Trainee: 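Below are the structure tokens for one structure; questions will follow.
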Amino acid sequence: MKILFIGDIVGKPGREAVKALLPGLKEEHSVDFVIANAENASGGSGITLKVSEELFSYGVDVLTSGDHIWKKKEIFELINQDERILRPVNYPPGAPGQGKRVFKVNSDKVGIINVNGRVFMDPLECPFKAALSAYEELSQETKIIIVDIHAEATSEKVALGWYLDGKASAVLGTHTHIQTADEKVLPRGTAYITDVGMCGPYDSVIGRKVDDVLTRFLTLVPVKFEVAEENIQLHAAVIDIDEKSGRARSIQRIQEKLNA
Ligand SMILES: [Fe+2]
Ligand SMILES: [Fe+2]
């Protein structure tokens, strides 16, 4: 089973990259299932119905998210209606939507868990306990389980990778928008990377126009951050998983340029 996981899709440039590059990537890597973090897919923040439908039409199967999931109002209804959109599992009971779910893929099943970190982020419930209890539930149905750890701190992500080694098939980081070069299969068979990266404009500060972000840093005054436009790239990871054991065989980083 080959799973392609696309890092945070940022705005229209990110969606254009998915549209243009995903078909080729699917063919080249014989991809069975595509997961993408889409918390920034609509105008750089949040997800709308139109944008989710657009991404599904390009070949994405499931959308995960993170701290920006609630930025567009329509998500509050949408996330209860469309099972293909997940929010972090460690919101307290009562939050709309689901943070974990099992999806049918060919003759197998893939469980997906989306969890937020809480170091240098809003304090949700414990990501370790939440991810473990989600794992215990989903593992009743399948051995193939992918975790999107949406977090700021490298240490928190690395620790979760070790915590779930031998349980999850993959623990993949998102949120920083910068791909890390530490992809590996941990000793007990869990594929790991601290951050998959971003799908969006790279002549930017994590997807936003450089001047806007610099003004904010230099003046400390609130500034509207526009989505940048130049040097669009798709960053992702391909994970090859043994269907019987759920263990990862390999993880490969992907960086592709639009119009290269
Ligand atoms: Fe993001
Ligand atoms: Fe985020």
Side-chain angles (χ1 to χ4, degrees), residues 4-18 34-48 51-52 54-55 60 62-72 75-76 78-79 85-91 95-97 99 112-125 127 130-131 146-158 160 171-180 193-210 212-213 216 223-229 231-237 253-255:
L4 177 74
F5 189 104
I6 302 172
D8 300 40
I9 298 168
V10 176
K12 194 158 192 271
R15 303 195 311 268
E16 277 173 5
V18 173
V34 180
I35 307 166
N37 189 300
E39 67 150 9
N40 307 111
S42 294
S45 205
I47 308 169
T48 58
V51 158
S52 64
E54 188 185 327
L55 291 171
V60 178
V62 170
L63 301 176
T64 56
S65 62
D67 51 313
H68 286 113
I69 179 68
W70 312 114
K71 291 285 164 76
K72 299 280 187 285
I75 193 66
F76 287 82
L78 177 59
I79 203 161
I85 305 174
L86 296 177
R87 49 90 172 152
V89 74
N90 47 338
Y91 277 93
I112 303 178
I113 299 166
N114 189 186
V115 63
N116 239 56
R118 58 177 182 178
V119 176
F120 310 130
M121 300 180 86
D122 287 342
L124 299 184
E125 294 186 345
I146 309 293
V147 179
D148 174 352
I149 168 64
H150 191 82
E152 188 79 42
T154 304
S155 58
E156 195 177 26
K157 292 158 130 173
V158 172
L160 189 75
V171 174
L172 310 169
T174 57
H175 177 71
T176 72
H177 296 201
I178 302 292
Q179 188 178 78
T180 55
I193 185 168
T194 297
D195 210 292
V196 173
M198 169 180 79
C199 181
Y202 273 78
D203 286 358
S204 72
V205 178
I206 63 170
R208 304 311 181 112
K209 285 188 175 163
V210 173
D212 295 348
V213 179
R216 169 79 169 271
V223 176
K224 189 167 189 284
F225 293 161
E226 300 284 348
V227 172
E229 285 155 15
N231 187 14
I232 300 168
Q233 299 184 29
L234 183 158
H235 290 193
R253 282 187 290 127
I254 307 281
Q255 296 192 353

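Atoms considered below: every heavy atom in the structure, side chains included; atoms not considered: hydrogens, waters and symmetry mates. Predicted model only: the values in this text are computed from it and were never measured. Sequential numbering from 1 along the given sequence is applied to the chain's residues. Order of listing sets the numbers, starting from 1, for every ligand and every atom in it.
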Trainee: Using the test salt bridge (Lys or Arg N to Asp or Glu O under 4.0 Å), find all partners of Glu125 that sit at least two apart in sequence or belong to another chain.
Mentor: none

Trainee: Around the Fe ion (ligand 1), list the protein N/O/S atoms within a radius below 2.8 Å, excluding water molecules.
Mentor: Asp8 OD2, Glu39 OE2, Asn40 OD1, His177 NE2

Trainee: Determine the sole option in Leu86, Asp148, Val171, Val147 for which the side-chain contact (heavy atoms from CB on, under 4.5 Å) test with Val115 is passed.
Mentor: Val147

Trainee: Verify the distance criterion only: is there a donor paired with an acceptor across the side chains of Asn114 and His150 at less than 3.5 Å?
Mentor: no

Trainee: Locate the shortest heavy-atom distance separating Asp195 from Thr176; write the atom from each residue and the value.
Mentor: OD2-OG1, 2.8 Å

Trainee: Ignoring hydrogens, what is the shortest heavy-atom contact between Gln179 and Ile193? Give both atom names and the distance.
Mentor: CG-CD1, 4.4 Å

Trainee: Out of curiosity, Ile79 CD1 to Ile85 CD1, how far, rounded to the nearest 0.5 Å?
Mentor: 6.5 Å

